[in-house]
Amino acid sequence: MGESKAIFSVLAVNHPGVLLRVAGLFSRRGFNIDSIVACSTEKPAFSRLTIVVTGDDATFTQLTRQLLKLEDIIKVKVLEHENCSNSELLLVKVHAAGNKRGPIVKMVQNYGARILDIGDQTITIEMTGQTGEIDDFVEQLERYGILEMARTGINALQQGDLTIHDDEK
Amino acid sequence: MLNGSQVLMECLLEQGVDTVFGYPGGAVLNIYDALYNYRDRINHVLTAHEQGAAHAADGYARSTGKVGVCIATSGPGATNLVTGIATAYMDSVPIVAITGNVAVSLLGRDSFQEVDITGITMPITKHNFIVKNVKELSTTVHEAFRIAKSGRPGPVLIDLPKDVTSAMVEYEPQSYTGASPSQPPKQERIEMSLELLKHSQRPLIYFGGGIISSDAGQELLMLAEKQNIPVCSSMMGLGGFPPSHRLWLGMIGMHGTLAANRAARECDLLIVCGARFSDRVAGNRSEFAPGADVIHIDVDHAEFDKNITASVRVAGNLKQVLKILCERVGNSRHDEWVDKITSLKRVKNVDTRNGDGVPDPLHILKTIRELTSDDVIVATDVGQHQMWTVQHFEIRKARSLLTSGGLGTMGYGLGAAIGAQFANPGRQVVLISGDGSFHMNLNELTTLASYDLPIVVFVMNNRVLGMVRQWQKVFYDNRFSATDPKRRTDLVKLAEAFGCTGMRISKVREVEPVVKAAFAAGGPVIVDCCISPDANVLPMIPPGGTVDEIIEEM
C-alpha cells in the first residue's frame, strides 16, 4: 500500500487540553503528524484542528476511528488535497544587503508575497499559498540566505457548499 | 446550599454507588469529612495503598458490571492509582477514580503533593476531568459515570482541587442518567453476515470480554447451538460460555488449547464477538485464520481492522446483534468439522499416587474447583499460576474471573478480590496467586484482616519468578537472570503477622485436607502451596508463531 498525505479536519469541543489529547493519541498509536493547526471557530464552543498526516488508507481509517473515540471530538472529515481549499502561511527573514535587495523584491512580487519589515541587512516576507508554492518560493530564497523562517502548516476547508457541520459524525 | 464534597456524595448516591475504596490525605480531607456524614449510605473501604483501592474498584466492577469507585489524595495518592487505572483501561472495566488536588490558586506552582494527574492519565482513561468550578461538579460527575459505562466501558478520572470540594453551591437533585444506548447494527451488515454463515463449511466463534460486558452469553450459546459452531475465547471471555459444553474448545492463543488454535488455523469463517486479536491471541497476524472470512462484531468501531482485517464489520451492542442473528439463522450442521476439531480436546491428568511427592499446581487447582460451587469468584495475579488457573479451573459463570489480561499487572489480584468480596458478600472469593505477584502487593493482607474478609488466598510458591524463568528456559538457554530471588519469606508466619490464618501444602497428601481446612476456617486464609520451580505452562505457542510451532511437552 502506498503512502500519501491526508488532511484531517477535526471539529472538537473547545476544552483546554484538546490539542494535548489529539497529539497524545497520534504519538502513542504511532501516527506521524506533518503539521497541526488548532484554533477557535465561528462558534465559541468549538475548536477546529487541521492535521496533515502521512500514511496509507488503512492508517487514515484507523486514525479517524481512534479520533472519534475521544470524548471531546465531535466530527472528523478527511479532505483530499485536490478537492479542498487549502493554504499555508509563511514568514521568512532573508539576508538582503546591497544589490540583493532588488531581485528579492522582484521575486516577492512574482510570487504574490508581501514585505512585512525591512531591516538594515534583512527583509521579512509573508506569503500565503499552497504548500508547493511556498516550497518553491523558499527554494528560490535560499540562494540569498534565509536567516529564519516560520510556517503555520496547512489549513483547509472543503470545496463547494458543504461544511464540516453538514456531515454525519 | 451544599459544599462540593456533599455534592459529590449526592451524585454518587444518585448513581447508585454504595461502596467506595480509597485512602485519605490532605487534599481530600473535605471529601472524607463528607463521607463521615454519609457513612450510613456510602461504605468507604480503607485499603493499605491506593493501588489496592484502584484494583478493588476494578474487582467490584468486573464482578458486578456496575461502576467501581476509588478515591485518592493528590500527588503520590493519585500516581499510586495509575497502574490500577491502566489495568482497568486495557480490560475495558468501568471505574470512576476521584483524586484530590491542591487548590486552584496553587495549581501549576509545584505545590506540596501537586501532580498533573489528568495529564498523566490521559492515555489510560476513556476521558478525564479537572473541575475548577464547583458549579460544574455535579454535571461532571454524572458525565463521568455515563462515559465509564457507555459503549465499550472504561475508566474515567475526576480531579478535584481542594477549594472546589469546600466551595458552596446551590444543589438540585438530578435524575439518574444511564449509559448512552448503542446504535442498532446496520441491516446490510446483518445480511452479509448471514450470507457468510450460510455458505461456511468450517465456522468458528472466537469471543472476548465483550460478551461478558454486554451480558450476551445466552445469545452466544443460542447461536452456537443453532448453527452447531465450535467456540473458543480469549482469556477475557472466560466464563462467557459453559466449559462443559460439547462445542467448547477452550481458550485460544499463546497458552490456549491445541483444539482452539488448530480450529482458527483451519476454519473458513471466523465469527469474532467482542474481541480484539491481541498479540497473545494472534501471535502472527498474517498467519492467523489464514483461510477464513472474518465477521467482526464489536461496539468499538476502532477495533475493526486494527489488528486483523475483517470481511464484514458489524458495529453494535453484542447482545443485540447476536439476538438478531439468532432470530434470522436457520439450523445448520457442521458435524464432520465439529467432530474433527473437538477430537483435539485434551484432558490433562495429574499423577497423585505418590503422597509424599511435591504437589502439582494443577492438582491443587482441581481440588479447589471440586471444593467450591459454580458461584465461586476467582481472582488471579499474573504469571504461570494465572495461566494454570485459566486453563484448568473451568470458570463456570460470567463475571467470576478477575484477571489482568491486557496490562498483565502482577499484584492485581489481592485488591481485585477485596473489591469483589465487598460487592458479593455471600459468595466465596478465591485468589490464586504466585509468590512473585504476591510479594508485590501483599500489604493488602491488612485490609483482609481489618474487614475480616473470608477470602482464601492460594500462593503457588515455586520460589522463583516462574513465567519469566520459563521463557529463559525456552528462549535464553537456561540463563536465569534475576528470576531466582532467594526470598526467605515464611508465608504462614506472614499471614499470622497480618492477623490472617496461614496454612501450608508441601506434599501431595496434604492438598485435599488443607484446601478443605482453608475453606472451613471462615476468615482470611493464606495457603502457601510449595510447588516445583520447574512446573511449566503448556501448551505454548512462541511469540510471533503459529499453531504449527506449538510446544506441548518440555
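Throughout, protein chains are lettered first and strands after them, A, B, ... in sequence-line order, and every chain is numbered starting at 1.
- Using a cut-off of 4.0 Å between Lys/Arg side-chain N and Asp/Glu carboxylate O, B:Glu303 and A:Lys69 are scored as not salt-bridged.
- The number of heavy-atom neighbours closer than 6.0 Å to CG of B:Asp110, taken from other residues, nucleotides and ligands shown, is 12 or below.
- Chain B is approached within less than 4.5 Å, heavy atom to heavy atom, by A:Leu20, A:Arg21, A:Arg28, A:Arg29 from residues 18-37 of chain A, ordered by number.
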### Query
Between A:Glu71 and B:Ile147, is a side chain to side chain contact (heavy atoms under 4.5 Å, CB included) present by the stated rule, with each step listed?
CA-CA 8 Å; A:Glu71 282 297 322; B:Ile147 293 168; 3.6 Å; yes

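- Remark: A:Arg65 engages B:Asp305 in a salt bridge, criterion side-chain N to carboxylate O under 4.0 Å.
- Interatomic distance, CG of A:Leu70 versus NE2 of B:His127, reported as 9.0 Å (0.5 Å rounding).
- Residue A:Gln66 touches chain B through both its backbone and its side chain, counting heavy-atom pairs closer than 4.5 Å.
- Counted within 6.0 Å of NZ on B:Lys126, heavy atoms from surrounding residues, nucleotides or ligands total more than 12; the atom is thus considered enclosed.
- More than 12 heavy atoms of other residues, nucleotides or ligands shown are found within 6.0 angstrom of NZ on A:Lys100.
- Counting heavy-atom neighbours within 6.0 Å of B:Arg285 CZ, excluding the residue itself, gives a total of 12 or less.
- By the 6.0 Å contact criterion, CD on B:Gln183 is open, its count of non-hydrogen atoms from other residues, nucleotides or ligands being 12 or less.
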